[in-house]
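Since the structure comes first, as C-alpha cells, the remarks are kept for the end.
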Amino acid sequence: MTGKKQRLIVGCGYLGKPLAERLHHAGDKVWATTRSEETARDFAAQGWNPLVADVTQVESLKQLPEVDEAIFCVGFDSSSGGDRHSVYADSLSHTLENLPQSCKRFVLISTTGVYGDAGGEEVDEETPCQPMRPGGQAFLEAENRLRQHPHWGKRGTILRLAGIYGPGRIPRASDIQAGKPIPAPAQGSLNLIHVEDACQAVERAWEADAVSPVYIVADGHPVARREYYREVARLLNAPEPTFEAPPADSPAAQRAGADRRMNAERIVRELGFRPKFPSYREGLAAIIGGNNS
C-alpha cells in the first residue's frame, strides 16, 4: 500500500510502534517522536529516525522534518504531571504550528469516548458528541482545533478509535487469571479494534484519494462485556469471570456508564477497510494463542 515516503509519527507508543514497523518494512523513511533518550536509541536501532521532543512544550517541536504524511497519536502518561487537555489539545496545536506545510495528509487519533453514553444504542460519525469524561472532552477539543485550523483543517482526518487491544494489552487478563472480580457491570457493550487493524486504518486514511473529515475505527462487532471476559477466561483456562460494582466516582464506573454500539460502516465503505481481526474472538485467539501473524 505504501511507497517510498517520509512519514512522521508524533507520539510513538502502543499504536505508533507497530505502525512504524509496517512503514519501515515497506521502505518508507519513518520519523518518530519520544520524550526519552533511551527510547530514541531503541528507535534508531530499528532503523527509524528518532526525534526527542516533549509535545507539551512548543519549542521542542521547532525542528519537525518535511514529510509526506503525519499522525498525532500521543498517549496520556499520568506520571508526566500534565493534564489531558494539555497533552491532547494543546500538544496538537503545538504540532500543527510547527509541521512543515509540505505534509499532504494529517491524521489525528481520537477516541469513541467523545460520544458519551448512548444507552446501548448504535452510534455513527453523525451522532452528536457529548463526552462524559475528561479524556473524551480533551479529545473533542483537539478535534475542534484541527477542524478549525485554516491550513491543516483541510488536510486533516480524525480517526475515532474504539478500545484498542493487542499483544501486551488485554484488559483485565491478570485479574481474570487470578480469579479477581472485575470492577464493572457484566452488562453493556465493548467496542474494540486490534492494534494491527488500527494501523491499517491509518494507512488507508493517508493513501485514499479522498477522505471524510472523521471515521469511527472499530471491528464492527460490539460484544457484551460479560461475553468478552468469558472468552478471555476460556482462552486462559481461567475461572469464569465475576463482576463487582466499581466505586461510583471511579474511572471504571464512568467507562461502564457509557454504553454504546459503534457503527464503523463509513470507513469500510469509503476506504475499503477490512479488519484482519473481524471480531474479538479472532483477535484474542491470535494473541493468547501466541500467533499474531
Side-chain angles (χ1 to χ4, degrees), residues 2 4-100 102-103 105-111 135 138-139 142 145-146 152 156-159 161 164-169 193-203 205-206 217 292:
T2 57
K4 305 284 186 181
K5 291 191 173 183
Q6 303 256 358
R7 316 275 195 164
L8 171 64
I9 301 172
V10 180
C12 194
Y14 189 73
L15 171 61
K17 289 177 182 177
L19 178 61
E21 290 175 2
R22 289 164 67 107
L23 298 173
H24 179 69
H25 181 73
D28 292 341
K29 186 171 185 178
V30 178
W31 301 84
T33 73
T34 174
R35 292 184 297 136
S36 164
E37 293 281 359
E38 181 180 358
T39 303
R41 289 191 289 272
D42 291 340
F43 288 177
Q46 297 290 328
W48 315 339
N49 298 274
L51 299 168
V52 178
D54 182 345
V55 293
T56 65
Q57 306 298 318
V58 66
E59 291 298 321
S60 73
L61 296 170
K62 290 296 185 182
Q63 301 301 319
L64 292 181
E66 293 197 3
V67 294
D68 297 294
E69 286 91 18
I71 180 174
F72 184 91
C73 51
V74 173
F76 180 70
D77 180 0
S78 58
S79 67
S80 67
D83 59 44
R84 286 172 171 79
H85 189 276
S86 65
V87 171
Y88 298 142
D90 292 343
S91 295
L92 173 68
S93 293
H94 298 161
T95 301
L96 297 179
E97 179 181 335
N98 288 285
L99 187 63
S102 60
C103 181
R105 188 73 56 81
F106 182 86
V107 167
L108 168 62
I109 295 299
S110 185
T111 171
F139 271 116
R145 292 192 188 187
L146 176 59
W152 297 111
T157 304
I158 297 161
L159 300 182
L161 265 61
I164 191 167
Y165 73 105
R169 186 182 285 192
I193 187 69
H194 192 285
V195 65
E196 285 193 34
D197 290 322
C199 291
Q200 180 204 154
V202 173
E203 292 179 295
W206 274 341
V217 182
N292 196 45

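Heavy-atom basis, side chains included; hydrogens, waters and symmetry copies ignored.
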Can any side-chain N or O of [X] pair as donor or acceptor with the backbone N or O of [Y] at less than 3.5 Å?
X      : Y      : value
Tyr14  : Gly166 : yes
Trp152 : Glu97  : no
Ser110 : Ile158 : no

Could you tell me which non-hydrogen atom of [X] sits nearest to which non-hydrogen atom of [Y], and how far apart they are?
X      : Y      : result
Arg169 : Ile164 : NH1-CG2, 3.2 Å
Ala40  : Pro50  : O-CG, 3.4 Å
Ala198 : Leu161 : CB-CD2, 3.9 Å

| task | Could you check Leu51, Asp68, Ile71, Thr95 and say which one makes a side chain to side chain contact (heavy atoms under 4.5 Å, CB included) with Leu8? | result |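 For Leu8, the side chain to side chain contact (heavy atoms under 4.5 Å, CB included) test succeeds with only one of Leu51, Asp68, Ile71, Thr95, which is Leu51.
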| task | Sort out for me which residue in Asp77, Asp54, Thr56 forms a side chain to side chain donor-acceptor pair (under 3.5 Å) with Arg35. | result |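 With Arg35 as partner, Asp77, Asp54, Thr56 yield a single side chain to side chain donor-acceptor pair (under 3.5 Å), made by Asp77.
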| message | Between Leu15 and Cys199, is the side-chain contact (heavy atoms from CB on, under 4.5 Å) condition met? List the steps. | response | CA-CA 7 Å; Leu15 171 61; Cys199 291; 3.8 Å; yes
| Partner of Glu69 by salt bridge (charged side-chain N to carboxylate O under 4.0 Å, His left out), out of Lys29, Arg105, Lys5 |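 Only one of Lys29, Arg105, Lys5 forms a salt bridge (charged side-chain N to carboxylate O under 4.0 Å, His left out) with Glu69, namely Lys5.
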| said: Is the ring pair Tyr165/His194 parallel, tilted or perpendicular, if the boundaries are 30 and 60 degrees? | reply: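 Perpendicular: the ring planes of Tyr165 and His194 meet at over 60°.
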| message | Apply side chain to side chain donor-acceptor pair (under 3.5 Å) to residues Ser86 and Asp83 and explain how you reach the verdict. | response | CA-CA 6 Å; Ser86 65; Asp83 59 44; 3.2 Å; yes
